[in-house]
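Just so we're on the same page: letters track the sequence lines, and every chain starts at 1.
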Amino acid sequence: MPQRALVLSFGILSLAVGDLEGTDLDPAETKPPEGDIASLVNMSLEQLSALKVETVFGASKHEQKTTEAPSSVTIVARDDITRQGHRTLRDVLNSVAGLYVSYDRGYANIGVRGFNRPGDYGGRILLMVDGHRLNEAIYDSAASDTDFPVDVDLIERVEVIRGPGSSLYGNNAFFGVINVVTRGGRDVDGTELSSSFGSFDTWTGRLTYGKRFANDLEVLVSGSWYDSQGNERLAFPEFVAEHLDGGSSRQAFVKASYQDLSLQGGFGRRHKDWPNAAYDSVPNSHDPNLWSVDERAWADLTFAHEFDGDWQFSTRAYFDRYYFDSNYPYDYDTDPTTRPSINQDRASTTAAGLEMSVSKSFRDRHLVTLGGEWRHDFERTQLNWDVAPYVLTLNSRSSGDIVGAFLQDEWQLRPDLILNAGVRYDYYSTFGDTLNPRAALIYNPWAATTFKAIYGQAFRAPNEYEINYAGVISVPNPDLQPEATRTSEIVWEQRVGQRWRSRVAAFWTDVEHLIELGNVDVDRDPATLDDDLYQFRNLGAAVARGAEIEIEGRLPGGIRTLASYTFTDSENPDTDQRLENSPRHLGKFAVQVPCWREKVFASLELQAMSSRRTVAGAEIDPFAIVNLTLFSRELIKGLEFSGSIYNLLDQRYSHPVPDDFTYIGPISGNTIALDTIEQDGRSFRVKLTYHF
Amino acid sequence: MFRASASLDQSRTRRCLAYSLLWMVFACFFVKSSASAAEAPKEHEVKAAFLVNFAKFVEWPSDAFAEDKSAVVIGIIGDDPFGDSLPRMVKGQTTKQRDIEIRRFDAGEDPQGCQVLFLSRSLGPKTTEVLARVQGRPVLTVGETEDFVRQGGVIGFAIVDQSVRFDIHLKVAQDARLKISSKLLAVARSVIKAP
């Protein structure tokens, strides 16, 4: 099974083979009615091949049915990604219930269920590729735009696991875990050549080779590139940014497995021009201009083996490297006629680690998993300097260690009742230790019905940027403590017939010790004016309660629909105000219609959200965008075509940005806080993929 | 200035929101109206349905059967994962005027007299042993372990993108003198031709 092979290759743990299917505890008790089975045997081979048997890996670190996972889970399959014309992981996540990704034309930030704080780089979400952590140690960023280092065409499925996951994964698994499972060599089975062209002079290309050889060796090698001029003209208060929204990326991805061993390696480098004059830089400056570069490289070697007596053993060794560079044009001499000075900000981190875990099932009642992790950060470097004349304003270098250990038991109390309980201990050389438990009771009273009651705690460790970034106006804070959250959730999953599936969830999340930029009185003398200095401190708190409903339908004729609605009531208990960038209503709808012989498909997506409060306290208008994609495969042998129109109705909409997106207005000379940034209007893309 | 221009689109936004709500109401209505429909299929029910189909899309040499009208026998060796789904599916099904029957074998037994043989996952490492036992006979071996076709089985199930799919080893099928319909080959995830 290729899916399981992937999991075994890159997952941390896996069940004994017999347990993977999970469900067939008592066939007599869970038997469907007579008519149902007759309809199965009368289905065509194609229809049988398309029926879904859902499993998920990331919720418990072993493959299991989504209904048995101790979380609210959504899986986006490869088919949905191609048919709906998703260009980046950001597009994929925007289609998922409860998720919304903000974009400030520099970075895209993932939000979940009412939490998406402007200026947060997605660090409260753990993002993984085949179980390998991608959040880096400097900014914790969960890259989901063109800086996500894996081409979306290489994704087999995306598992979105909502709620706290620190009891298994430790840091960053705060509001959710996103595990991107990639395709294997045997799934590609040959060579793929793909290219696309779209609005804003955007070009992409990809070349992939994948094969499973007779001697059990499986290989995938892929390279991708992306180039875009971006939006030509973007209007901001008092200036227009012309040709300042471009970006480019280069990516390489390699995967090989042989028997119990698997190796994965990836590299991605993304350059992005920023049109938004953030951080008081010079508006519409072209030489020099405002840009950033993010570079990620990783390698991961996993050995997974099942020993006699249901012992499942897995160990992985990994290496990670992250590099960030950016360039800011500043008008230090306040003379707009001279060329701006350049300030450069750079960060890098190198880490290596070991993970090990062992699991065993006892008397078919308990599945116990014990694991540990050790990571060493060789370097965490942050530099900032003015280029001419050269002035070094920040030179922070540190290193550190992280040790974690976890224990989880999946206890089959009765045939219809599972208790999934786990706890993880983490030690950080920066702040000390933290303990995070999670428990879920999963009740399966009827074959088509599952109820879950979940309680969990999670943490986000202060990152290197928050601890050690210091400049002219800010000071470090070595005493930062981790952010903490407690979440309770009740989930009701219901299948209705073979065609419909629904999930209803109610959740309550409480967050404390949120790390925010505050003022600090360095000499503790209120009379002096040191208060202008900034420092990250554990200042904030937040509460969010809400409900979510998701309905998926597979109608006759191959029509597929997915609709979801999330209601979130969020609040900052200190101010009694709704959180920033937190829509009360979030709705998604998608429909895929086969137009001709399972070869041509039309897909429509609708994403809507209600108004959001900005950092400055303003309200952003509600919006709804519609994306339309026409997809065909095998009209010509081996050829896939897709044509998409994004934001079909040309809706104008904006996302909030953090309060450091300010600049001096070239007309008034006043400081302008941007507060929101407008998104792209109607755009298109055509894409061809050839397989041979 | 900037925000003012955005609010021009507010009425269109409201309309879009209204439409999205309408669609969701539609979706809810569909769920309700289909509430009487049957339960979702389990993995092994889908596999059982495939097994019955395999019996229809494969031709055996005449010496594979004792008589002209003998039933096609689906053998299950090892623990039976199908419960009563397979017997109920087989009921009333025929292929080329032959009935379809089910016979169960213990892991140690020699599975004689069956045309389709399903090797249960419970066999574990014994899988290769059972395959060796039926080698050369006109038996369509079907398995569900990871490397089943590589070990010398004819059809191996796999879960791909949460669906039940299968691989076919054409060379092994030819050695067993089985003729596999092109329709079946077309639906297979992969067809292995070389040994």
Looking at chain A, which one of B:Leu51, B:Asp167, B:Asp79, B:Asn53 has the largest number of heavy-atom pairs inside 4.5 Å, strictly under? B:Asn53
Nearest heavy atoms of B:Ser163 and A:Ser49, plus distance in Å: CB-O, 3.0 Å
What closest approach, in Å, do B:Lys183 and A:Leu45 show between heavy atoms, and which atom pair accounts for it? O-CD1, 4.2 Å
CD of B:Gln135: more than 12 outside heavy atoms within 6.0 angstrom? no
Check whether any side-chain heavy atom of B:Arg88 sits under 4.5 Å from a side-chain heavy atom of A:Val41, and report yes or no. no
Heavy atoms from other residues, nucleotides or ligands near CG of B:Asp110 exceed 12 (cutoff 6.0 Å): yes
Sidechain N-carboxylate O distance under 4.0 Å for A:Arg212, B:Asp147: yes
Which atoms of B:Phe148 approach chain A - backbone, side chain, both or neither, heavy atom under 4.5 Å: neither
Taking all non-hydrogen atoms of both residues into account, name the closest pair between A:Leu48 and B:Ala49 and its distance. CD2-CB, 3.8 Å
Taking atom NZ as the centre, does B:Lys69 end up with more than 12 heavy-atom neighbours from other residues, nucleotides or ligands that are less than 6.0 angstrom away? no
